[in-house]
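Since this is a predicted model, take the numbers as computed values, not measurements.
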Amino acid sequence: MSPVYPGSIDAAGQRATLGVLGGGQLGRMFVHAAQRLGYFTAVLEPDAQSPAGLVSHHHIQTNYDDPAGLAQLAHLCQAITTEFENVPAQALQTLAQTRPVAPSAAVVGIAQNRIEEKAHFAACAAVSGVTCAPTRWLKRPPSSKPFRPEGLICYPVF
């Protein structure tokens, strides 16, 4: 993968464009920062009034898993990221077939499952030296009664 420099133009005559899935406030900050550096930007976001979509050069207004929208984003952009961890990991995997995508679909998939995420960080503790707080995963028994695991949780629980 070669670097994508601000203001550069590719062989097809297209200006260097960075893409982002998600059009909220973090996406808007990404768009503004990229534009200050000289990049064009493209946002894929279903909301017509999304903060990032309103200020981006391109706003692809569609669902995150729409094949046509993903193809359009891949066509416009030289590299793609995501604003938040809840975009479908499969969408990132689709985009990664033709463009650099960071974070990867595998990383986003871990972040979408809190148990996997915690296990991942715990496994990294030996290398990083950063340990995780103790955790207990509670499964609600099949019952119509409220589940109150006495002695394990201090109330209130959020």
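There is a side-chain donor-acceptor pair under 3.5 Å between Glu45 and Tyr64.
Among the candidates Leu44, Thr17, Val101, Val4, the single residue satisfying the side chain to side chain contact (heavy atoms under 4.5 Å, CB included) test with Cys77 is Thr17.
The minimum heavy-atom distance between Gly27 and Ala52, with the atom names listed, is C-CB, 3.5 Å. Pairing each heavy atom of Ser56 with each of Val31, the nearest pair is CA-CG1, 3.9 Å. In plain terms, the two heavy atoms of Arg28 and Pro51 that are nearest each other are NH1-O, 3.0 Å.
Screening residues 120-134 for salt bridge (charged side-chain N to carboxylate O under 4.0 Å, His left out) gives no qualifying pairs among residues at least two apart or on separate chains. Among residues at least two apart or in separate chains, salt bridge (charged side-chain N to carboxylate O under 4.0 Å, His left out) pairs with a member in residues 73-102 are Glu85-Arg114.
With hydrophobic clusters built from ILVMFWY side chains whose heavy atoms lie under 4.5 angstrom apart, Leu95 shares a cluster with Leu76. By the rule that hydrophobic residues join a cluster once side-chain heavy atoms approach within less than 4.5 Å of another member, Leu21 and Val108 end up as members of one cluster.
Counting non-hydrogen atoms of other residues, nucleotides and ligands closer than 6.0 Å to OH of Tyr5 gives a total of 12 or fewer.
The shortest distance between side-chain heavy atoms of Thr62 and Pro46 does not fall below 4.5 Å.
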- [ ] Give the C-alpha distance, both sets of side-chain angles, the deciding distance and a yes or no for side-chain contact (heavy atoms from CB on, under 4.5 Å) between Leu54 and Gln49.
- [x] CA-CA 6 Å; Leu54 292 173; Gln49 297 300 312; 3.8 Å; yes
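Not counting sequence neighbours, the partners of His57 by the ring pair (Phe, Tyr, Trp, His ring centres under 6.0 Å) test are Phe40.
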